[in-house]
Amino acid sequence: MATPILAAEPGNMVLLAVVAAVLLQAALIVVLLLERRRRMGAQRLNLAVLDSLPGAVAILDRRGAVLRASAPSAQREGLGALSTQRLLFPGSSYLRSLQKLAHEGELETAGVATLLEDVLSGRVEEGMVEFRGPRADTWFELRARRLELPGGGAVVTVVDATPRRRAELEARRARDERAHMERVAAVGELGASIAHELNQPLSAILTNAETARRLLQRTPADLTLLREMLDDIIADDKRAGEIIRRTRALLKKDQGPFVSHDFNALVRQVAQLAGNDAQLRGATLTLQLADTSLPVRGDGVQLQQVVLNLIINALDAVNPCPPGERQVWVRTQRTEGRVELVVEDTGVGLSPEARERLFEPFFTTKPAGLGMGLSISRSILEVHQGRLQAEPRPGRGTLFRCSLPSD
């Protein structure tokens, strides 16, 4: 009986081997199915993440070809006009698609291709650029970030920046409107000073004209003296015209272009407008301007508004002082590559609470003040990459210091 049992053992071994192979194959199939399901789940998760992100998102390889992209249904309505389906078609070149859309007039992509090339090549890690859409009133923002993978590549996102740009435009318009109102109020405060300054050349014109008429009645007429009278009339007329021109410039509503100005010249023109106002108040306005020109870049009218606000505030601050103690100094200087304006007065000064709230809108220490002058001045300087601060003046009074980048 022992012999048949031993003869059957090889067959059992073969059977066991087959069963083991089948079980191993089944296990491998199960593992592969589980791995496939895991990968499909991860892929669905990745696509869900891409689709949930705002705008149109694409993953590019190191050559700029689209590997994966958000579904068209996830794209914003504003991006639909951008033909993003053509941008995000898998396998297509993102760069060539951009260039084609730009060639067809759908985009103004200056700087976009450069940014993508820099990110894909590894010259920069990430960057952002804005460009105009197919309509003049549409803007889009493209962000690109390099993938930290051995094969390189980048993640690119395009979002509709039109709402933000419009909000910024509305905010700028509102700020400019407030600034214009503040300029009108400031010029209104200088009304008596401007009238007094205009009265001087107009009175001189009248006097010279009457004198010239009497000279013409003489026989023979004194032509030399008559010519001098006419020269004086022309000079006084130009002086009156310059006063009107400076006043109209401050009342101008539209924002001017950012161009280079000599800050000394801007301050000097404002001081000429405010000089007579200082005399009428019994105050002394002293100019201490830098010996050399101080070039700055910006809107000259808005920068002059800042200077005018600071000078008027200083003159208001010294009003309660005795006549001999009403002093205001205006200085300009160059400091560490920046242009600095300092306006100081011998007024009553500011309390600690007032210094903390000084630049808040609608906060004022004046009985009839609007509380907008210093707030608008700081906003104007921020647009010009400038700064404005207030500090106590040694002894008595207040010192305002503003600085701008030198052009």
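These numbers were taken from a predicted model, which means no experiment stands behind them. Atoms considered below: every heavy atom in the structure, side chains included; atoms not considered: hydrogens, waters and symmetry mates. In what follows, residues are counted from 1 in the order of the sequence shown.
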May I ask you to test the [X]-[Y] pair for a side-chain heavy-atom distance under 4.5 Å?
| X | Y | result |
| --- | --- | --- |
| Arg393 | Thr398 | no |
| Leu399 | Val343 | no |
| Val318 | Gln327 | no |
| Leu266 | Val307 | no |
| Leu202 | Leu206 | no |
| Leu303 | Leu404 | yes |
| Trp329 | Thr284 | no |
| Gln304 | Gln269 | yes |

Look only at the side chain of [X] and the backbone of [Y], and say whether a donor-acceptor pair between them is shorter than 3.5 Å.
| X | Y | value |
| --- | --- | --- |
| Arg401 | Val342 | no |
| Asp262 | Leu294 | yes |
| Asn264 | Thr292 | yes |
| Arg326 | Ala278 | no |
| Thr332 | Ala290 | yes |
| His261 | Gly298 | yes |

Does a salt bridge link [X] with [Y], judged by any charged N lying under 4.0 Å from a carboxylate O?
| X | Y | value |
| --- | --- | --- |
| Arg165 | Glu130 | yes |
| Arg281 | Asp316 | yes |
| Glu126 | Arg146 | no |
| Arg396 | Glu325 | yes |
| Glu340 | Arg331 | no |

Test side chain to side chain contact (heavy atoms under 4.5 Å, CB included) applied to Glu117 and Arg123, step by step: CA-CA 8 Å; Glu117 290 172 353; Arg123 287 192 290 269; 4.2 Å; yes
How far apart are the closest heavy atoms of [X] and [Y], and which atoms are they?
| X | Y | answer |
| --- | --- | --- |
| Leu120 | Gly153 | CD2-C, 3.9 Å |
| Ala274 | Ile311 | CB-CG2, 3.9 Å |
| Asp407 | Ser260 | OD2-OG, 2.9 Å |
| Leu60 | Leu147 | O-CD1, 4.3 Å |
| Phe258 | Arg297 | O-NH1, 3.2 Å |
| Pro295 | Val339 | O-CG2, 4.0 Å |

Let's go through Ser377 and Asn309 carefully: what are the C-alpha distance in whole Å and the side-chain angles of both, what is the deciding distance for side chain to side chain donor-acceptor pair (under 3.5 Å) to 0.1 Å, and is it a yes or a no? CA-CA 7 Å; Ser377 296; Asn309 285 342; 3.0 Å; yes
Result for side-chain contact (heavy atoms from CB on, under 4.5 Å) between Val330 and one of Val270, Leu341, Thr286 points to Leu341
Inter-residue atom distance [X].[atom1] - [Y].[atom2], 0.5 Å rounding:
| X | Y | atom1 | atom2 | result |
| --- | --- | --- | --- | --- |
| Asp345 | Leu315 | CG | CG | 8.5 Å |
| Ile234 | Asp237 | CD1 | CG | 8.5 Å |
| Ser121 | Arg62 | OG | CZ | 12.0 Å |
| Met229 | Ile233 | CE | CD1 | 8.0 Å |
| Phe140 | Thr162 | CZ | OG1 | 5.5 Å |
| Leu226 | Arg213 | CG | CZ | 13.0 Å |

Check against salt bridge (charged side-chain N to carboxylate O under 4.0 Å, His left out), Glu141 and Arg164: CA-CA 10 Å; Glu141 178 184 285; Arg164 177 176 57 80; 3.3 Å; yes
Can you check side chain to side chain contact (heavy atoms under 4.5 Å, CB included) on His384 and Val306, steps first, answer last? CA-CA 12 Å; His384 289 77; Val306 174; over 6 Å; no
Stepwise, does the side chain to side chain contact (heavy atoms under 4.5 Å, CB included) test hold for Leu142 with Leu116? CA-CA 10 Å; Leu142 183 142; Leu116 288 176; 4.3 Å; yes
Looking only at the side chains, is there a donor atom on one of Arg143 and Thr157 sitting less than 3.5 Å from an acceptor on the other?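 Short answer, no.
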Would you find more than 12 non-hydrogen atoms of other residues, nucleotides or ligands less than 6.0 Å from Gln288 atom CD? yes
Single hit among Glu336, Arg334, Arg338 for side chain to side chain donor-acceptor pair (under 3.5 Å) with Ser406: Arg334
Could you give me the CA-CA distance, side-chain angles and deciding distance for Arg166 and Trp139, then say whether side chain to side chain contact (heavy atoms under 4.5 Å, CB included) is met? CA-CA 9 Å; Arg166 288 177 179 171; Trp139 284 85; over 6 Å; no
